[in-house]
Amino acid sequence: MLPCRTLFPNRLWRAWRPVSVSAGQADSGEKPRASRIPWIKPVGWPTGIVVRNSLSGDRQPLLLARPNTATWYSCGPTVYDHTHLGHACTYMRFDIIRRIMMHIFGINVVMAMVVTDIDDKIIKRSQELGVTPNTLTQRYEDDFKENMKALRVLPPSMYFRVTDHIPAILDFVKQLMQKGNAYATTRGDVYFDVSSIGQRYGRFREVLSNYISNDGEAAHEKRAAPDFALWKASRPGEPAWEAPWGAGRPGWHIECSAISSMAFGGQLDLHSGGEDLAFPHHENEVAQSEAFHGTPQWCNYFLHTGHLRLQGSEEKMSKSMKNYITVKDFLEKHSPDEFRMFCLQSKYSSQVEFGPESLQAARGVLRSISNFRDSAKAYISGIQTSTAFAEVPLWERLHETEGEVKTVLANDFNTPEALEIITRLIHDTNMVLQPHVENTSGSRSPAVIAAVLAFVERILENFGLQVSDSGDASTSDSSAVLPTVLDSLVAFRAGVRVLALAREATTSGVQEETLLFRKRLLKACDNTRDELASAGVQIKDYGDRSTWKIVDPNLRRT
């Protein structure tokens, strides 16, 4: 067996020695906590971003191994059922971070994702449904990809399926055995020997102590309870691949280490997943990857998202709890922008509650953005002509906002605060666009309004929102609306024609009749506006001129 100490320099080995436990603590019956392995600050290119690094337990500057390029491995789905909003929240939040890195900080993000298409849950579900594991996983892999596309989550740069890369996994296991970090049992299972890396097991210390305290008896010839499976011996009726130590299939953790190493080699900038994956999944990934590559720090930064909970529930949304909403069900009633705005309104690392109130809040922000866009475009085009203001303060306000937004996004991708800053700019701009504002010292200033609008649209589109089309229906929706629109317009024409042909009652009552006539005309106009609004056509009046647009039905809900 190759001693762990030979893999690392003496200086680093001394730095990672555990904190000793006093005799009093040992006698008290309290389980000793593993010491946290110090994080090594990488040498690389600064990004100007500070991230909440789960590996170090605090915030650290994001430094990349290559200039303006980030290598990122994302844990993918286990495809045995429909994708639900709990999954979608994780992938949406990381999609937002990825877009911010690319579009705002100019970083080329190269992301790899592994789709788990073989494991215990998949085998069990396929047996329940009476289909092959491959049939099951292909169905739900397609479902996952379709749902991510519907939510406008960018696909990874590289997709991998576990069963397509069994040779790479076998080679990874074989080398770990040769290094003395893994062992095979008589029945053909292969386990990672945690003791072979000394005190280096414990990157995510806060959960390690609970795991050790709950260890049961060693099973299947494991040498120690913390040892984890790299390869599982085949059982009757299960898919299996031939291996030097016996036919079987990969364990859960090995797939990510083997395939990410195949994609990126022995050094990784970023690794991401839900907070429940920190231990044991990411802990075990780190252990076997650092042993395989002989490196003191395989991945420099781990990002973890908080769970999504249904309103009023203390449990995370999960398939096992049967407390989930599928993405398809959600999208039947709501838009992708609503869910994205919902995700933007909380920090990616925080737990978040999903329900009618939170969706209403997201919808309200989208509606205010859409209304601002309408007002700004009406002013720029000259439809709204009554507003004059001093433009210099608004130019200054815009410049300040641009800097403030980038600053808060550089602070661990703080999208809630960025949204608040953008909302304040929208509010300030709306104030000068109000027709009742009187400022004789000013003049029409469409350029600054256009600049504010362009900034708002650009920054929100960088988050993945479809702001330029926010509130606009699709072509198919527009076609469905057209008959109702025509019916309403024809009815309006008929109503106006009837009023125009009506005879005045008496000569002395001309003025009174004219006023009544105008009121009835305005009422007819209002009725038509309301009918069109219910059909998805929004009309806005600006003095003697009006605008219209076809509106997303989700933004019409109260």
Taking Val162's backbone N and O only, do any of them form a donor-acceptor pair with His165's side chain (distance below 3.5 Å, no angle check)?
no
Across all chains, not counting sequence neighbours, the salt bridge (charged side-chain N to carboxylate O under 4.0 Å, His left out) partners of Glu404 are none
Does the Glu283 side chain pair with the main chain of Phe204, one donor and one acceptor, at a distance under 3.5 Å?
yes
Sequence-distant partners of Thr423, side-chain contact (heavy atoms from CB on, under 4.5 Å), two or more places apart
none
Residue set satisfying salt bridge (charged side-chain N to carboxylate O under 4.0 Å, His left out) with Arg424, at least two apart, ordered chain then number -> Glu420
By side-chain contact (heavy atoms from CB on, under 4.5 Å) - contacts of Ala184 (at least two apart):
Met177, Val190, Trp245
Can you list every side-chain hydrogen bond (donor to acceptor under 3.5 Å, both in side chains) pair that touches residues 101-116, not counting sequence neighbours?
Thr116-Glu255
Please identify each residue that fulfils salt bridge (charged side-chain N to carboxylate O under 4.0 Å, His left out) with Arg98, with sequence neighbours left out.
none
Check: Phe228 ring centroid to Tyr191 ring centroid under 6.0 Å:
no
Can you name the residues that form a side-chain contact (heavy atoms from CB on, under 4.5 Å) with Ser261, not counting sequence neighbours?
Phe172, His293, Trp298
All side-chain contact (heavy atoms from CB on, under 4.5 Å) counterparts of Gln175, not counting sequence neighbours:
Asp171, Gln178, Phe292
Check for me whether Arg223 meets the cation-pi criterion with Tyr183, that is, NZ or CZ under 6.0 Å from the six-membered ring centre and within 45 degrees of the ring axis.
yes
Interatomic distance, Arg249 atom CZ to Asp119 atom CG [nearest 0.5 angstrom]:
7.0 Å
N-O pairing of Arg161 and Asp117 below 4.0 Å
yes
For residues Trp231 and Leu170, determine if any side-chain heavy atom of one lies less than 4.5 Å from a side-chain heavy atom of the other.
yes
Which residues pass the salt bridge (charged side-chain N to carboxylate O under 4.0 Å, His left out) test with Lys174, not counting sequence neighbours?
none
Could you list the residues that satisfy ring-ring contact (aromatic ring centres under 6.0 Å, His included) with Tyr348, not counting sequence neighbours?
none
Using a 3.5 Å distance criterion without hydrogens, assess whether the side chain of Ser272 forms a donor-acceptor pair with backbone atoms of Leu303.
no
Could you check whether Glu290 and Thr295, counting side-chain N and O atoms only, form a donor-acceptor pair closer than 3.5 Å?
no
Arg66 atom CZ, over 12 foreign heavy atoms within 6.0 Å:
no
Between His282 and His253, is the ring centre distance below 6.0 Å?
no
Any chance CZ of Arg52 has more than 12 other-residue heavy atoms, nucleotides or ligands included, within less than 6.0 Å?
no
Can you tell whether the side chains of Arg152 and Asp95 come within less than 4.0 Å, N to carboxylate O?
no
Set of residues satisfying ring-ring contact (aromatic ring centres under 6.0 Å, His included) with respect to Phe413, sequence neighbours excluded:
none
Can a donor-acceptor pair be found, under 3.5 Å and without considering hydrogens, that links the side chain of Arg340 to the backbone of Leu151?
yes
Among all residues two or more places apart in sequence or in another chain, which pass the ring-ring contact (aromatic ring centres under 6.0 Å, His included) test with His307?
none
